[in-house]
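Here, residue 1 is the first one in the sequence, and each next residue gets the next number.
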Amino acid sequence: MKADVIIVGGGIMGCAAAYNLAQNGVSVIVLEGSENIGNGGSVRNGGGVRQSGRDPRELPLVMYAIKHIWPNLSDMLDTNVEYHQQGNLRLGGTEQNRKILEGLTERAVKCGLDVRMISGDEAREINPYLSDAVTCASWCPTDGHANPLMATMGYYKMARRLGAHFISDEKIVSLRKIKGKVCQAISASGNVYEGDQIILAAGYESRFLASTVGVDVPMQPVLLETLVTEAVAPMFWQMLGTADADFYGHQTDHGSFVFGLNSGLEPFAKPGKPVSSSIAASAACRGIMRYFPSLAEIKVVRSWAGWIDICADHVPVISKVEEAPGLILACGFSGHGFGISPAVGLVLAQLATGQETAVDLFPLRYGRWA
């Protein structure tokens, strides 16, 4: 099968790129290795749409998305993505926490972001459920959160409506060059998909697939775990995080709380699809209750675990590859890709069609380590 652009990976990055390409009349085939679109981290994450706490190299992407895309995304996709822009509190309780938050805030302010340090009392004015353990926080009023499942499915639905072709349960095992150009994706069943450009957005599996055409992206898999509580009456709408990064999360429209953490249990996880652990959930709950004692009696109803693709310098690779013409990389999002996904989908489409990108991608180029 042939198309102008082949996208390997049916997560939110692939779906968003397909939507933007199809909107401009470009023929697209999206290939997803699992049975379901968005079966990985795209629909299983904390839902943060945040600018604060980010590396300055990727900050322009999320600032662009929050200014130009997220406020209108539900209308664009004919889907309620449950976007809330009620700010982000990144909490601290020690002097070391304060230094971490001050450093993050200082770097973000230099990039033009409206974020500031506040005291524990000021944080409690914003969110009265916080305990006295919070002695400082960073506050970004333009941050927020959204529903990852609805956003991913919204992009998928609209891309299909515009003519993009999706094929699930079609695992790609290699890419192929012809006359020096990457233009084919080969599936496990032997099917060959050919395009003028191939966008590789397959999470950690992107590393192996890129290696089949001599390209290496320095990534490693890291285990994240997430827990979901029972639904309760609305309490607060801010996105939450901590200086120690021991948990993050928010309350959903449904009323449940979604909290995530990096468990550090990679050595004990089974290959393939990992399972969540009672150890990680308990550790997260202790941290949550320290800052939010009023949540102590809320029941945890389910949890999940999954692999994310951590890049060597913790920011993604969004780039063409000089030594592999025809290949566009979109991987290494390091656990914070959801918030930038609308902007990533846009710039991937622009890269594939030879347009100037809405955001400067030079800091995220492949080969920056050289």
Inset, instruction - Evaluate the ring planes of Tyr19 and Tyr155, with Trp represented by its six-membered ring, and classify them as parallel (under 30°), tilted (30 to 60°) or perpendicular (over 60°). - result: perpendicular
Legend entry - Short N-O contact, Arg107 and Asp55, less than 4.0 angstrom: no
Nearest atoms (heavy-atom pairs only) where [X] meets [Y]:
| X | Y | result |
| --- | --- | --- |
| Cys311 | Gly332 | CB-O, 3.5 Å |
| Ser42 | Thr152 | O-OG1, 3.5 Å |
| Val8 | Ala185 | CG2-CB, 4.3 Å |

Inset, instruction - Apply the side chain to side chain donor-acceptor pair (under 3.5 Å) test between Thr142 and each candidate in Lys67, Arg50, Gln51; give the one that qualifies. - result: Gln51
Inset, instruction - Going by the ring pair (Phe, Tyr, Trp, His ring centres under 6.0 Å) test, name the single residue among Phe292, Trp237, Phe236, Tyr248 that passes it with Phe257. - result: Phe236
Legend entry - Trace of the side-chain hydrogen bond (donor to acceptor under 3.5 Å, both in side chains) decision for Thr94 with Gln96: CA-CA 5 Å; Thr94 66; Gln96 180 61 26; over 6 Å; no
Legend entry - Asn191 side-chain N/O to Ser187 backbone N/O, donor-acceptor pair under 3.5 Å: no
Legend entry - Polar side chain donor-acceptor pair, Gln238 to Gln86, under 3.5 angstrom: no
Legend entry - Between CZ on residue Phe259 and OG on residue Ser303, distance to nearest 0.5 Å: 14.0 Å
Inset, instruction - Verify the neighbour count for atom CZ of Arg302: are there more than 12 heavy atoms of other residues, nucleotides or ligands below 6.0 Å? - result: no
Legend entry - Stepwise salt bridge (charged side-chain N to carboxylate O under 4.0 Å, His left out) test for Arg207 and Asp309: CA-CA 9 Å; Arg207 183 170 194 177; Asp309 47 338; over 6 Å; no
Legend entry - Verdict with supporting geometry, Glu95 and Arg98, salt bridge (charged side-chain N to carboxylate O under 4.0 Å, His left out): CA-CA 5 Å; Glu95 187 58 32; Arg98 181 185 298 278; 3.8 Å; yes
Legend entry - Verify same cluster id: Ile340, Leu329 (apolar side-chain graph, 4.5 Å): no
Inset, instruction - Kindly indicate, with the supporting measurements, whether the criterion side-chain hydrogen bond (donor to acceptor under 3.5 Å, both in side chains) is fulfilled by Asn147 and Asp253. - result: CA-CA 9 Å; Asn147 186 316; Asp253 282 15; over 6 Å; no
